[in-house]
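What follows is a set of notes on a single structure, which appears directly below.
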Amino acid sequence: MRIENDRKLDFDDVLIRPKRSRLETRAEVDLKRTFRLPHAGFEITGIPIIAANMDTVGTLPMAGVLAQHDMYTAIHKHYDLDELKKADLSGDYHFMTFGLVEDLSHIKKVMDAVKDKGINKICLDVANGYTEIFVNFIKKVRAQHPDCVIMAGNVATADMTEALIIAGADIVKIGIGPGSVCETRSVTGVGIPQLSAIIECADAAHGLGGLICADGGCRTSGDVAKAFGAGADFVMLGGMLAGHTECLTEEQLKALPENNNHIEYYGMSSTEAMEKYSGGVAAHRASEGRVASIPFRGDVKNTILAILGGLRSSCTYVGAYKLKEMSKRTTFVIKYAK
Ligand code: 5GP
């Protein structure tokens with residue numbers, strides 16, 4: 001047994017120190033970023049916020065609206081091929097999600113089906129990205145799709161961030177346990193406070209020319225700013241984008257009044273999700289997600305504008321003309337407990 005004694009931080013433990021700035025209005029702030037992908041070999045440009053690949057968040061309607069704002073969506077993996085083929089999606093801002101249960105031929109089938117829409121981004125998502133099986137899976141998917149962007153995770157430490165990049169990931173998804181409907185920390189005792197995980201993993205990834213996506217734990221636009229300040233290249237949001245029109249089916253929208261204008265936001269490893277997609281929780285597993293009943297919040301557009309407005313304001317407070325400069329200009333102050 002060993003104890004790591006240095007303090008690890010969550011978003012709530014810090015604030016961003018304001019700095020002298022020449023910026024006159026928030027409108028001057030450029031939130032778009034261009035990244036070169038180390039394996040795929042080309043550049044992508046957009047506002048680096050990604051809707052989570054959860055079936056209540058990473059929906060096709062969500063992808064449509066976010067793309068209008070140059071933001072990304074990891075489309076969840078439970079759509080069938082016909083739905084994907086029919087979907088009115090074009091190009092640059094969409095990741096298709098797969099887990100370890102999807103084999104290479106399925107991944108090829110889906111990526112071939114969306115190719116003519118210009119979709120060339122893959123999200124390989126598992127709860128525990130630390131297994132050798134997952135590393136080998138990334139290698140195989142990279143060999144099959146040399147020209148696609150691959151985002152893979154989740155991990156929360158430098159060693160494994162490096163391992164996934166070396167295996168073929170362009171972007172490593174960071175976060176073990178910070179999610180708003182995640183129960184990994186209480187069920188397993190495992191996790192790393194998210195702000196420290198981002199700082200550690202960004203450093204490791206950037207050293208190899210790779211990128212990271214901070215996944216989970218953002219509850220406010222201030223948290224999103226802290227994630228970028230800590231070095232995240234992308235930030236993935238679940239709960240902050242949940243509960244909107246774009247998250248619901250027509251039947252769910254109709255049923256809103258009888259549900260007191262509330263909807264369910266549940267973890268993808270929750271009992272609810274496993275019953276829906278895997279016929280229940282397997283005997284050897286425990287649920288690591290929970291259900292939250294959240295108020296319906298209308299169209300996601302308003303939430304998006306509030307998040308982007310908050311982020312622009314954070315940039316003006318530290319004097320960053322571009323989101324790209326945010327981490328260089330960030331000093332965190334630690335709020336010690338009273
Ligand atoms: P949020 O933005 O809601 O705080 O976090 C979203 C992230 O939580 C997702 O992108 C995913 O990584 C994680 N997540 C989603 N469902 C579950 C779950 O059932 N269990 C755990 N441990 N994490 C989950």
Side-chain angles (χ1 to χ4, degrees), residues 10-12 48-59 62-63 66 71-78 95 97-100 123-130 134 151-156 160 164 171-195 197-198 201 212-228 232 234-244 247 263-278 280-282 285-294 297 300 303-304 307:
D10 262 317
F11 294 128
D12 272 353
I49 294 179
I50 312 180
N53 48 281
M54 303 169 74
D55 68 346
T56 52
V57 179
T59 63
M62 180 70 77
L66 286 188
M71 292 159 75
Y72 300 85
T73 300
I75 295 169
H76 71 70
K77 65 181 191 180
H78 300 292
F95 288 80
T97 305
F98 308 97
L100 264 176
C123 169
L124 301 178
D125 180 58
V126 294
N128 173 5
Y130 281 76
F134 187 56
M151 172 165 68
N154 280 22
V155 297
M160 219 47 206
L164 300 198
I171 308 166
V172 178
K173 211 145 66 76
I174 307 301
I176 300 283
S180 56
V181 282
C182 170
E183 294 209 310
T184 296
R185 290 181 184 170
S186 58
V187 172
T188 68
V190 175
I192 304 273
Q194 183 70 346
L195 190 88
I198 296 169
C201 297
I212 65 155
C213 173
D215 175 20
C218 289
R219 280 171 295 153
T220 60
S221 53
D223 292 341
V224 179
K226 289 173 188 175
F228 284 123
F234 295 83
V235 175
M236 180 170 268
L237 303 177
M240 283 181 72
L241 296 176
H244 294 96
C247 306
I263 65 158
E264 279 187 352
Y265 171 54
Y266 51 84
M268 294 311 294
S269 317
S270 62
T271 308
E272 286 66 20
M274 286 197 256
E275 275 170 359
K276 196 161 167 193
Y277 298 114
S278 325
V281 184
R285 289 190 66 162
S287 156
E288 285 182 31
R290 60 186 185 86
V291 189
S293 172
I294 57 173
R297 294 195 277 162
V300 77
T303 300
I304 292 171
I307 295 171

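Atoms within each ligand, like the ligands themselves, are counted from 1 in listed order. Index from 1, following the sequence. All values reported here derive from a predicted model rather than from experimental measurement.
Counting only heavy atoms from C-beta outward, the side chains of D10 and L195 never approach each other to under 4.5 Å. With a 4.5 Å cut-off on side-chain heavy atoms, F98 and C123 do not count as touching.
Considering only residues two or more places apart in sequence or on other chains, I263 meets the side chain to side chain contact (heavy atoms under 4.5 Å, CB included) condition with L248, L256, I294. In this view, C213 and I50, M151, I171, K173, F234, M236 satisfy the side chain to side chain contact (heavy atoms under 4.5 Å, CB included) rule, not counting sequence neighbours.
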Exercise answer: donor-acceptor pairs, residues 266-274 side-chain atoms, under 3.5 Å, sequence neighbours excluded:
{"residue": "Y266", "atom": "OH", "partner": "D55", "partner atom": "OD1", "Å": "3.1"}
{"residue": "Y266", "atom": "OH", "partner": "D55", "partner atom": "OD2", "Å": "2.7"}
{"residue": "Y266", "atom": "OH", "partner": "K276", "partner atom": "NZ", "Å": "3.0"}
{"residue": "S270", "atom": "OG", "partner": "G267", "partner atom": "O", "Å": "2.6"}
{"residue": "S270", "atom": "OG", "partner": "A273", "partner atom": "N", "Å": "3.2"}

Start with the C-alpha distance between N154 and V126, add both sets of side-chain angles, then the distance that settles side-chain contact (heavy atoms from CB on, under 4.5 Å), and finish with yes or no. CA-CA 6 Å; N154 280 22; V126 294; over 6 Å; no
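Residues lining ligand 1 at a heavy-atom distance below 4.0 Å are given as A52, M54, N154, G179, S180, C182, T184, D215, G216, G217, M236, L237, G238, G239, Y265, G267, M268, S269, S270, E288, G289, ordered by chain and residue number.
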